[in-house]
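Proteins come first, then strands; the chains are lettered A, B, ... in the order of their sequence lines, and each starts at number 1.
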Number of protein chains: 2
Amino acid sequence: MTAAKATTLSEQFRRGELFTVECPSREVLKHVTSRWGVLILVALMEGTHRFSDLRRKVGGVSEKMLAQTLQNLEKDGFINRISLPVVPPHVEYSLTPMGEEISHKVVSLADWIEENLPRVMKAQQAANRL
Amino acid sequence: MTAAKATTLSEQFRRGELFTVECPSREVLKHVTSRWGVLILVALMEGTHRFSDLRRKVGGVSEKMLAQTLQNLEKDGFINRISLPVVPPHVEYSLTPMGEEISHKVVSLADWIEENLPRVMKAQQAANRL
DNA sequence: CGGTATCCGCAGCGATACTG
DNA sequence: CAGTATCGCTGCGGATACCG
């Protein structure tokens, strides 16, 4: 119980956390993998966007959810919010360095799905025939 | 408008799909990034599990949501379900080749969060001081 | 053991209206 | 333009009971 299995321990410790109900990582994971979180991170990979840019780009998102998701991701340190004090208001959203790191992972996942969608849909159809 | 920018086109076409409301990829993405989908895929990366194994391993999941998530992922072709016709029933879940591919992406994302949680929490605290 | 079926509460989300 | 505030509802998800 003192200091055994250093290699496997660090592996299992981190995993054990995520599988635990109270693991703080779950909240972050939730923000990042949320319905609109994914799409926003992907969108911001292509550069800075204004609020209404994102609203137009991310099809189907409501103002409320866009604002909420942006706030979550900003609080987690993934997004920079720059408000220019002019009229009419002008706010720009961009990825922080941390945001870029995690966006790579998210984009990688999203890309896989889009590229392999044919395979997935084929599997779905095969499942329906059972 | 005819055939311009071949490189950027393939890039933007795939992206344009995901940003669209009716894009079928969104459903798959939803299954994979769902609250329990992520954890199940991560868990199954470590090998075949039985239903109750998963139930115990993935903290906080209810029977209903576990069954539902497993069914979704099975229909998408990410999970193999093998039911041994014995009493008491014995059912084993494992990743298909496609499931392994996508799990790598998911695990990569989950790992990043667990490894960088300190950075994220530090950013969160900084945000709270504003 | 490994589900399915049913009920139901409440958070989450969308739609709308309003503000700086 | 970029949000907040409010309301109403939908459907996610937990609890329970029952089947193969």
>> Looking at Glu46(A) and Lys57(A), is there a salt bridge between them, counting it only when a charged N and a carboxylate O are closer than 4.0 Å?
In response: yes
> Are the charged groups of Glu27(A) and Lys75(A) less than 4.0 angstrom apart, N to O?
Replying inline: no
Any side-chain N or O of [X] under 4.0 Å from OP1/OP2 of [N]?
X	N	result
Ser62(B)	dG13(D)	no
Gln71(B)	dT4(C)	yes
Arg50(A)	dC1(D)	no
Tyr93(B)	dG3(C)	yes
Arg35(B)	dG14(D)	yes

Expressed in angstrom and rounded to an integer, what is the separation of [X] atom [atom1] from [N] atom [atom2]?
X	N	atom1	atom2	answer
Leu54(B)	dG2(C)	CG	P	10 Å
Gln68(A)	dA5(D)	CD	P	13 Å
Asn72(A)	dG3(D)	CG	P	14 Å
Leu66(B)	dC1(C)	CG	C1'	13 Å
Trp36(B)	dG13(D)	CH2	C1'	10 Å
Leu70(B)	dG3(C)	CG	P	7 Å
Glu27(A)	dA11(C)	CD	C1'	13 Å
Arg55(B)	dG13(D)	CZ	C1'	13 Å

Answer yes or no: is there a donor N or O on one side and an acceptor on the other, between the side chain of [X] and the main chain of [Y], under 3.5 Å?
X	Y	answer
Asp53(A)	Arg50(A)	yes
Thr96(A)	Phe78(A)	yes
His49(B)	Gly47(B)	yes
Arg26(B)	Phe19(B)	yes
Thr33(B)	Leu29(B)	yes
Ser25(B)	Leu18(B)	no

> Below 4.5 Å, heavy atoms only, C-beta onward: do Ile113(B) and Ile102(A) meet side chain to side chain?
Replying inline: yes
>> What I'd like to find out is whether the side chain of Leu109(A) reaches to under 4.5 Å of the side chain of Val38(A), using heavy atoms alone.
In response: no
Among [options], which nucleotide has an atom closest to any side-chain atom of [X]?
X	options	value
Glu63(A)	dT4(C), dA17(C), dG14(C)	dA17(C)
Lys64(B)	dC7(C), dA2(D), dG14(C)	dC7(C)
Met65(A)	dG14(C), dG2(C), dA2(D)	dG14(C)
Lys30(A)	dG12(C), dG14(D), dC1(D)	dG12(C)

>> Which residues in residues 79-90 of chain A have a heavy atom closer than 4.0 Å to any atom of DNA chain D?
In response: Arg81(A), Pro88(A), Pro89(A)
> In degrees rounded to 10°, what angle is found between the helical axes fit to the five outermost pairs at each end of the helix from dC1(C)-dG20(D) to dG20(C)-dC1(D)?
Replying inline: 50°
